[in-house]
Engineer: 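Structure incoming, see below.
Residue numbers start from 1 in every chain, and the chains themselves are labelled A, B, ... in the order their sequence lines are given, proteins ahead of strands. Bear in mind that the values here come from a model prediction, so they are computed numbers and not experimental data.
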There are 2 protein chains.
Amino acid sequence: MGADNEKELSLKLFVVLTRALDSITSKIKDDIRGYGLNPTEFAVLELLYHKGEQPIQKIGDKVLLASSSITYVVDKLEKKGYIKRKPCPTDRRVTYAVITELGQTLMDEIFPKHMDAINDICAGLNVDEKKLLIEMLKKLGLFAKSI
Amino acid sequence: MGADNEKELSLKLFVVLTRALDSITSKIKDDIRGYGLNPTEFAVLELLYHKGEQPIQKIGDKVLLASSSITYVVDKLEKKGYIKRKPCPTDRRVTYAVITELGQTLMDEIFPKHMDAINDICAGLNVDEKKLLIEMLKKLGLFAKSI
DNA sequence: ATAATTTATTTCGAATTCGAGATAATGAAA
DNA sequence: TTTCATTATCTCGAATTCGAAATAAATTAT
């Protein structure tokens, strides 16, 4: 059962990591669908909600999405009335995405629920374990990114 | 910087988990593309390589994919000649996917390289840390799935 | 000042995934 | 046995994502 050498251990880590995140995101998706959004729309909306207006291009960095995909998501959120585009006055290449009143109202309503849901989903570990896990994941992730 | 209550800690855990896995999978994808496969194709091929022939439906469970998606991936691998379909003699609803000689040869060649790559990518933690991380992720994931 | 390069966004087509429904076979119930 | 429900696979259309190329504006270099 246990990995008998470091390579197998690394592979096992990758598999367990993938499956753990899959279990979690599958539940989180259920929560988000209940708000009439998909996970990407929610992520973009949340970014604007918490960090204020953003150049469209910067959204991609934070939400881990290609710029062409951002265009698509921003279009959808705009059609739903939750955000709007706003041209940058100093650089005409740039377009900001800004959350609307409707978007604000929605997020005021659903974000607390969303946090509760995530907390419930992550209740398999206690506070200290979560802190430890976060540190280890940061270490793992930063190293992987640096290669 | 640090989360000041449990809900924020859970949210942070989710974000860090997502980003860590993203950093890792992005590197693993690079590795797999180098073998002329995409990650899903590789996962299916690896399953058949290590676990032997599988009913198409069971592949979906292990690779976390809907049955209609499995059909698509199996079609592609079959066209590439790495696997073939084999009807089940006792249950005519069932079709097995079986790795071919060509698929075997490919995996004999690339799987060791793939394990090396994963090990390099995961080298940010030592063996004990990996073991600990695995246990915590299992605990987290199993709980999330059970909700 | 003009040209060349870089940057931001969008368009377009392709790849991947899903869910709902179709088809066919098996198993259970009457 | 005939019917009903379940199971396995596939088809189809829609959603999402990407990468390459197009467009347009800003910046840098000559």
Side-chain angles (χ1 to χ4, degrees), chain A residues 18 21-22 25-30 32-45 47-48 53-80 82-98, chain B residues 18 21-22 25-30 32-45 47-48 53-80 82-98:
Chain A
T18 300
L21 186 57
D22 186 78
T25 48
S26 139
K27 299 292 180 180
I28 291 182
K29 277 181 194 169
D30 293 346
I32 291 176
R33 300 244 180 246
Y35 310 137
L37 297 170
N38 73 28
T40 304
E41 291 167 342
F42 186 88
V44 171
L45 202 50
L47 177 67
L48 304 182
E53 61 185 34
Q54 302 281 327
I56 279 180
Q57 172 235 8
K58 293 223 169 144
I59 298 174
D61 303 339
K62 313 225 182 171
V63 182
L64 309 177
L65 226 53
S67 67
S68 53
S69 307
I70 295 296
T71 297
Y72 172 75
V73 177
V74 167
D75 282 349
K76 281 177 52 187
L77 285 170
E78 206 171 22
K79 268 170 204 144
K80 291 181 179 181
Y82 295 138
I83 71 174
K84 58 184 191 327
R85 284 178 165 88
K86 191 187 86 174
C88 172
T90 61
D91 186 337
R92 292 192 340 216
R93 292 171 304 182
V94 174
T95 302
Y96 290 101
V98 191
Chain B
T18 302
L21 186 57
D22 185 79
T25 48
S26 136
K27 299 293 179 179
I28 291 181
K29 278 181 192 167
D30 293 345
I32 291 175
R33 300 246 180 244
Y35 310 137
L37 298 170
N38 74 27
T40 305
E41 291 168 341
F42 186 87
V44 171
L45 203 49
L47 177 67
L48 304 183
E53 62 185 35
Q54 302 282 328
I56 279 181
Q57 173 236 8
K58 291 220 171 148
I59 297 174
D61 303 339
K62 312 225 182 168
V63 181
L64 308 177
L65 226 53
S67 68
S68 52
S69 308
I70 295 294
T71 298
Y72 172 76
V73 176
V74 167
D75 281 349
K76 281 178 51 188
L77 285 171
E78 205 171 23
K79 269 169 203 146
K80 291 181 179 181
Y82 295 138
I83 71 174
K84 58 185 190 326
R85 284 179 164 88
K86 191 188 87 174
C88 172
T90 61
D91 186 339
R92 292 195 337 216
R93 293 170 304 181
V94 174
T95 303
Y96 289 101
V98 190

Engineer: For the side chain of A:Val94, counting heavy atoms from C-beta on, which of C:dT17, D:dT17, C:dT9 is nearest?
Structural biologist: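 My answer, after comparing the listed nucleotides, is C:dT9.
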Engineer: Closest to the B:Asp91 side chain: C:dT11, C:dA25, D:dT11?
Structural biologist: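 Taking heavy atoms from C-beta onward, the closest nucleotide is C:dA25.
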Engineer: Would you say a side-chain N or O of A:Arg85 is under 4.0 Å from OP1 or OP2 of C:dT10?
Structural biologist: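 For C:dT10, OP1/OP2 do have a side-chain N/O of A:Arg85 under 4.0 Å.
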Engineer: How many Å lie between CG on B:Leu65 and P on C:dA15, as a whole number?
Structural biologist: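 Atom-to-atom, B:Leu65 to C:dA15, this comes out as 17 Å.
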Engineer: Nearest to the side chain of B:Ser69, heavy atoms from C-beta on, is which of C:dT17, C:dA8, D:dT9?
Structural biologist: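 Given the options C:dT17, C:dA8, D:dT9, the side chain of B:Ser69 is closest to C:dT17.
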Engineer: Quick check on D:dT16: is either OP1 or OP2 less than 4.0 Å from any side-chain nitrogen or oxygen of A:Asn38?
Structural biologist: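 Checking D:dT16 against A:Asn38, a side-chain N or O does come within under 4.0 Å of OP1 or OP2.
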Engineer: If you look at every strand shown and take non-hydrogen atoms under 4.0 Å, does A:Ser67 touch a base, only sugar-phosphate, or nothing?
Structural biologist: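 Base contact.
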Engineer: What is the nucleic acid contact for B:Lys76, judged by heavy atoms within less than 4.0 Å: base, sugar-phosphate only, or nothing?
Structural biologist: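 Touches sugar-phosphate only.
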Engineer: Please give, in whole Å, the distance from D:dC12 C1' to B:Tyr72 OH?
Structural biologist: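 Roughly 14 Å, once rounded to whole Å.
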Engineer: Quick one: label B:Lys58 by what it contacts on the DNA or RNA (base, sugar-phosphate, nothing), any heavy atom closer than 4.0 Å.
Structural biologist: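 Nothing, no nucleic acid heavy atom in range.
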Engineer: Tell me which nucleotide among C:dT17, D:dA26, D:dT9 gets nearest to the side chain of B:Thr95.
Structural biologist: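 Closest nucleotide to the B:Thr95 side chain: D:dT9.
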Engineer: Rounded to whole angstroms, how far apart are NZ on A:Lys79 and P on D:dT16?
Structural biologist: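 Atom-to-atom, A:Lys79 to D:dT16, this comes out as 11 Å.
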Engineer: Spell out yes or no: do the side chain of A:Arg93 and the base of C:dT9 have one donor N/O and one acceptor N/O closer than 3.5 Å?
Structural biologist: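 Donor-acceptor pair under 3.5 Å: no.
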Engineer: I'd like to know if the side chain of A:Lys80 reaches the main chain of A:Leu37, judged simply by a donor and an acceptor atom lying under 3.5 Å from each other, with no hydrogens or angles considered.
Structural biologist: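 Checked: no pair found.
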Engineer: Which distance, rounded to the nearest 0.5 Å, do you find between the OG1 of A:Thr40 and the CG of A:Leu45?
Structural biologist: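 One finds 12.0 Å between OG1 of A:Thr40 and CG of A:Leu45.
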Engineer: In Å, rounded to the nearest 0.5 Å, how long is the span from CZ of A:Arg85 to CG of A:Leu77?
Structural biologist: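 One finds 10.0 Å between CZ of A:Arg85 and CG of A:Leu77.
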Engineer: Rounded to the Å, how far apart are B:Arg92 CZ and D:dT6 P?
Structural biologist: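 One finds 22 Å between P of D:dT6 and CZ of B:Arg92, rounded.
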Engineer: Using the side-chain contact (heavy atoms from CB on, under 4.5 Å) definition, which of the options A:Leu47, A:Val44, A:Asp61, A:Ile70 pairs with A:Gln54?
Structural biologist: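 Only match with A:Gln54 under side-chain contact (heavy atoms from CB on, under 4.5 Å): A:Leu47.
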Engineer: I need the CG-P distance between B:Asp75 and D:dT9, as an integer number of Å.
Structural biologist: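 One finds 13 Å between P of D:dT9 and CG of B:Asp75, rounded.
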Engineer: With a non-hydrogen cut-off below 4.0 angstrom, is B:Ile70 in contact with a base, only sugar-phosphate, or nothing?
Structural biologist: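 Nothing, no nucleic acid heavy atom in range.
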Engineer: How close or far is atom C1' of C:dA8 from atom CD1 of A:Ile56, stated in whole angstroms?
Structural biologist: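 So the two atoms are 9 Å apart, to the nearest Å.
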Engineer: Atom NZ of B:Lys29 to atom P of C:dA15: distance rounded to whole Å?
Structural biologist: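 After rounding, the gap between these two atoms is 16 Å.
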Engineer: From C-beta outward on B:Ser68, which listed nucleotide comes closest to its side chain: D:dC18, C:dT10, C:dG19?
Structural biologist: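 Ranking D:dC18, C:dT10, C:dG19 by closest atom to the B:Ser68 side chain puts C:dG19 first.
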Engineer: Assess whether atom NZ of A:Lys58 is packed by more than 12 heavy atoms of other residues, nucleotides or ligands within 6.0 Å.
Structural biologist: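 No, because the 6.0 Å sphere around NZ of A:Lys58 holds 12 heavy atoms or fewer from other groups.
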Engineer: May I have the distance from A:Tyr96 (atom OH) to C:dT10 (atom P), rounded to whole angstrom?
Structural biologist: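 So the OH-P distance, A:Tyr96 to C:dT10, works out to 14 Å.
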